[in-house]
Amino acid sequence: MNKKFSSLTMLYAAVLLAVAMLPISCTPTPPPTPKDLAQEAIIPLPVSLEATGSSFRLTEKTDIYVQAGNPELERLGQYLAGLLNPATGLEIGVKTTDEAPASGHFYLALGANDAELGKEGYQLEIAETTVNLTANEAAGIFYGIQTLRHLLPAAIEKPEKQEGPWEIASGKIRDYPGYGHRGSMLDVSRHFFSVEEVKRYIDLISLYKMNVLHLHLSDDQGWRIEIKSWPKLAEIGGSTEVGGGEGGFYTQEQYKDIVQYAQDRYIMIIPEIDMPGHTNAALASYGELNCDGQPRKLYTGTEVGFSTFCTTKDTVYKFIDDVFRELAALTPGPYLHIGGDESHVTPMAEYIPFINRVQDIVAAHGKQVVGWDEIANAEMKPGTIVQLWAGAENAKMGVEKGAKVIMSPASKAYIDMKYDSTTELGLAWAGYIEVDTGYIWDPAAMAAAEGVDKSVILGVEAPLWSETVTNIKEVEFMAFPRIPGIAEIGWTPANLRQWDEYKLRLGKQKARFEAMEINYYASPKVPWAAQ
Ligand code: NGO
């Protein structure tokens with residue numbers, strides 16, 4: 001064998017060997033690392049969870065299959081893809097199918113016909129080969145998707161491509177909420193928040209499976225919704241805010257956009273027009289709403305309890321009828337909130353007939369009344385709901401008259417309260433509410449202490465009043481991390497809620513808050529975890 005031949009042969013052999021080895025270097029990544037579903041930090045804590053000790057891995061081949069023939073499921077598939085694609089860069093697609101797909105995919109299906117899951121529950125079965133999400137109704141699929149977000153690394157929340165691997169611990173979750181009403185209230189009157197800011201807040205609360213956003217649309221300092229039949233409300237009443245800033249209002253088109261954005265995330269908007277007190281912005285816009293016929297001056301301070309509609313004037317009821325007619329037409333949900341709090345300058349002898357009449361007006365527009373707990377002094381018309389904030393005895397009185405109750409006890413659920421004496425934002429009249437104080441309470445137990453049965457409690461709402469809160473970053477600071485706690489109170493059974501365990505799960509949200517650029521309060525009560 002000559003030398004030339006042998007070196008050629010060797011070269012040839014080397015090329016062959018390299019080619020033969022190529023597939024090895026392109027071999028797909030090693031099998032997923034086994035993960036423990038029981039160790040994942042899901043908030044709210046699911047009702048039941050079984051870990052099976054392996055993992056599902058998202059790859060270039062992964063798609064989301066949705067049961068054919070259901071546009072809502074297709075929309076949810078797109079929503080899930082929209083959550084997964086930016087950070088994974090995997091270009092996960094959405095496909096319809098008549099049967100469960102082959103390995104490697106997500107599958108979303110309705111028609112579980114599973115009584116235990118109810119309207120909002122879901123079942124998530126994660127195996128090494130598939131992720132199956134099933135529910136009776138689309139809302140359940142949406143909540144299952146929120147759980148999937150919590151099961152993926154926090155980097156999934158980032159808007160641009162991140163390093164994988166993207167793995168989900170295997171096992172089975174069956175989950176459904178304890179209460180049908182789980183929400184927050186945002187005061188857009190004392191300070192105005194733009195449509196984009198409200199949408200951001202909707203996004204943030206939806207990660208924790210909240211389903212209500214109550215918008216406090218009017219108060220002494222500002223009227224925030226266009227009413228076409230009374231245009232000066234927005235023009236004049238919307239022209240300022242606490243501190244004298246320029247305020248603002250939502251046009252009806254913008255408001256519809258907010259309602260739709262919320263609805264797409266299974267969040268009901270409850271609009272509130274506060275009355276007969278907390279009405280200075282309206283009283284400044286139209287003199288005829290005052291007994292003396294004179295418009296009031298715009299108000300930019302933070303006192304409460306000085307204003308009232310002239311409850312004996314017919315014009316006032318014509319006004320209320322027009323406002324609620326327009327608002328009812330913008331509201332797919334069943335409720336209109338009439339406020340009713342702190343009407344300190346309305347004599348009780350006028351307040352009671354006023355609240356009675358306003359309930360009839362709302363009913364005539366096909367909606368149910370929600371009002372702050374003082375409204376229980378009036379008759380409770382069918383369907384009326386009392387929102388407890390300061391007067392447990394009022395809530396009890398309301399229940400005795402046939403009302404149901406939403407729990408927003410100020411000393412626990414008011415997320416405009418300072419965390420402690422060093423918090424710069426917020427008020428303190430109901431006490432400091434550290435993250436543990438905001439978590440360690442139970443709506444049913446609190447109601448029971450007043451002799452009110454759990455069956456009349458619809459759920460919980462965390463109000464964020466905005467006397468001191470001026471922009472979305474400040475909203476985030478007051479809401480996070482208390483919102484996840486209120487959301488868990490609304491969702492997870494009381495016997496599964498333990499602060500010592502919850503605080504560990506909350507601590508693990510740090511990376512997620514950071515990935516989502518949430519301006520959260522790093523409470524010393526929480527063991528914040530690096531990962
Ligand atoms: C009270 C008052 C609001 C304040 C808030 C501040 C209710 C229902 N009315 O709650 O006007 O903004 O406290 O915490």
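Both backbone and side-chain heavy atoms feed into the values below; hydrogens, waters and symmetry mates do not.
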Trp372 and Trp465 aromatic ring geometry - parallel, tilted or perpendicular at 30°/60° bounds: tilted
Non-hydrogen atoms of Ser411 and Thr437 that approach each other most closely: O-CG2, 4.1 Å
Ion pair Glu197/Arg200, N-O distance below 4.0 Å: no
Within 45° cone and under 6.0 Å: Arg182 NZ/CZ vs Tyr143 ring: yes
Pair Glu74-Thr96, side-chain donor/acceptor within less than 3.5 Å: no
Salt-bridge criterion met for Lys172 and Glu50 (N-O under 4.0 Å): no
Phe513 and Tyr208 aromatic ring geometry - parallel, tilted or perpendicular at 30°/60° bounds: perpendicular
Pair Thr130-Asn132, side-chain donor/acceptor within less than 3.5 Å: no
N-O pairing of Asp436 and Lys503 below 4.0 Å: no
Heavy atoms of other groups near Lys95 NZ, more than 12 under 6.0 Å: no
Non-hydrogen side-chain atoms of Trp389 and Glu342 separated by less than 4.5 Å: yes
Side chains of Tyr521 and Thr423, donor plus acceptor under 3.5 Å: no
Electrostatic pair Lys35:Glu40 at N-O distance under 4.0 angstrom: yes
Whether Tyr419 and Phe477 hold their rings parallel, tilted or perpendicular, with breakpoints at 30° and 60°: perpendicular
No-hydrogen, no-angle side-chain donor-acceptor test under 3.5 Å, Gln162 and Glu160: yes
Spacing of Tyr65 atom OH and Glu99 atom CD [to the nearest 0.5 Å]: 10.5 Å
OH-CG distance between Tyr520 and Leu506, expressed to the nearest 0.5 angstrom: 10.0 Å
Student check: side-chain heavy atoms of His214 and Gln387 closer than 4.5 Å: yes
Ring-face cation contact, Tyr266 with Lys209, 6.0 Å cut, 45° max: no
Between Ser170 and Ser54, a side-chain donor and acceptor under 3.5 Å: yes
Side-chain donor-acceptor pair present, Arg149, Gln146, cut-off under 3.5 Å: yes
Close side-chain approach of Met417 and Leu427, heavy atoms under 4.5 Å: yes
Plane angle bin for Phe56 and Phe106 - parallel if under 30°, tilted between 30 and 60°, otherwise perpendicular: perpendicular
Side chain proximity check, Ile42 to Ile173, heavy atoms < 4.5 angstrom: yes
Stacked cation flag Arg265 on Tyr261, 6.0 angstrom / 45 deg: yes
Aromatic ring proximity, centroids under 6.0 angstrom, Tyr255 and Phe249: no
Donor + acceptor pair across side chains of Glu125, Tyr107 (<3.5 Å): no
Residue pair Glu474 / His191, side-chain donor-acceptor N/O under 3.5 Å: no
